[in-house]
Visitor: 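Please see the structure below; I have some questions.
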Amino acid sequence: SGLGEPEDEDASEASLSATAAAYSACLLADRSLFSEQIESLDKSLEDLLTRVDEFVGMLDMIRSDSSQVVNESIPQIYTKATEMRQIYRKIDKLEAFVKMIGNSVAGLEERVIKAETDFGAFPSTFKKILHTISISSFLNKSSSSRQQTLYEPPVLFKTEDYFPCLNEAPY
């Protein structure tokens with residue numbers, strides 16, 4: 001019947017090669033006709049590859065920086081934050097101390113104003129004039145005629161209570 005004979009195989013192989021060559025000629029265009037487009041495409045691909053390499057390098061840099069932040073900077077920030085808490089406590093204590101001193105000074109001012117109103121504030125220029133005239137006995141009699149109240153010293157704070165380091169001897 002002629003099937004499987006060597007002559008038929010050579011002929012069919014030649015026919016197959018010719019058909020493959022014809023199809024490839026149709027599918028593969030002449031490079032010379034499209035050389036500008038091919039060069040433009042090559043250039044675009046090269047540029048794209050360069051940009052991808054730059055992006056990958058930037059990602060690597062970000063990864064190394066973020067690992068540095070996580071491994072080094074965050075523990076340092078935590079340590080500083082702990083130190084700042086102690087400083088904040090000291091500031092709070094100092095604010096309370098300043099407020100206490102302000103209240104004490106306000107109380108003393110009230111006592112001075114009360115004493116001036118109770119005993120009379122005599123201008124110092126008149127006192128000097130009267131002392132030079134030698135009428136000091138007159139001033140003493142007039143002040144003694146007023147009510148004598150016992151002086152009660154105000155209760156003051158001691159800085160040593162608030163600043164224990166002041167008790168230590170200086171260098």
Side-chain angles (χ1 to χ4, degrees), residues 28 31 34-171:
L28 296 175
R31 282 186 71 92
F34 300 105
S35 65
E36 281 185 32
Q37 287 88 359
I38 291 172
E39 285 179 27
S40 175
L41 183 63
D42 280 344
K43 190 181 246 183
S44 296
L45 287 175
E46 285 296 323
D47 190 38
L48 183 65
L49 286 174
T50 303
R51 299 253 190 275
V52 167
D53 285 342
E54 290 172 355
F55 182 72
V56 168
M58 188 172 58
L59 284 178
D60 288 340
M61 185 174 65
I62 290 171
R63 279 189 202 119
S64 69
D65 286 349
S66 64
S67 67
Q68 178 186 5
V69 166
V70 168
N71 295 333
E72 295 174 13
S73 299
I74 289 180
Q76 290 174 352
I77 291 170
Y78 180 77
T79 303
K80 289 294 180 187
T82 305
E83 291 173 11
M84 290 305 293
R85 282 189 204 114
Q86 294 172 352
I87 291 172
Y88 293 150
R89 279 189 221 110
K90 288 180 181 178
I91 290 171
D92 291 341
K93 287 180 181 179
L94 188 61
E95 284 178 345
F97 180 70
V98 168
K99 185 176 179 180
M100 187 265 312
I101 289 175
N103 292 337
S104 178
V105 168
L108 288 175
E109 283 180 3
E110 287 177 12
R111 290 183 72 162
V112 167
I113 291 171
K114 185 179 182 306
E116 285 178 348
T117 57
D118 289 348
F119 298 110
F122 205 66
S124 62
T125 54
F126 291 123
K127 282 185 182 179
K128 288 179 186 176
I129 292 172
L130 292 175
H131 282 289
T132 57
I133 301 176
S134 299
I135 311 182
S136 61
S137 61
F138 173 73
L139 287 176
N140 288 337
K141 286 180 186 176
S142 66
S143 65
S144 63
S145 65
R146 292 186 185 150
Q147 290 181 350
Q148 290 289 331
T149 58
L150 293 175
Y151 173 73
E152 295 177 25
V155 178
L156 297 176
F157 64 91
K158 294 182 180 181
T159 54
E160 294 84 14
D161 294 341
Y162 296 93
F163 298 101
C165 61
L166 295 177
N167 291 334
E168 299 172 3
Y171 298 97

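Just so you know, residue 1 is the first one in the sequence shown, and it goes up from there.
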Visitor: Determine the minimum heavy-atom distance between Asp60 and Arg63, stating which atoms define it.
Guide: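 Closest heavy-atom pair between Asp60 and Arg63: OD1-NH1, 3.0 Å.
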Visitor: Identify each donor-acceptor pair in which a side-chain atom of residues 74-100 lies under 3.5 Å from a protein atom, sequence neighbours left out, and give them as a table.
Guide:
from  : atom 1 : to    : atom 2 : distance (Å)
Thr79 : OG1    : Pro75 : O      : 2.9
Thr82 : OG1    : Tyr78 : O      : 2.9

Visitor: Under a 4.5 Å cut-off applied to non-hydrogen side-chain atoms, are Gln37 and Leu41 in contact?
Guide: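 They are not in contact (no side-chain heavy atoms under 4.5 Å apart), so the answer is no.
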Visitor: To the nearest 0.5 Å, tell me how far Leu49 CG sits from Asp53 CG.
Guide: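 CG of Asp53 is found 6.5 Å from CG of Leu49.
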Visitor: Measuring from atom OG of Ser64 to atom CG of Leu59, what distance do you get when rounded to the nearest 0.5 angstrom?
Guide: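 Output value for this atom pair is 11.0 Å.
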Visitor: Nearest 0.5 Å please: distance from the OG1 atom of Thr50 over to the CG atom of Leu45.
Guide: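 Here the rounded value is 10.5 Å.
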Visitor: How about CD on Glu54, more than 12 heavy atoms from neighbouring residues, nucleotides or ligands closer than 6.0 Å, or not?
Guide: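 Correct, the count exceeds 12.
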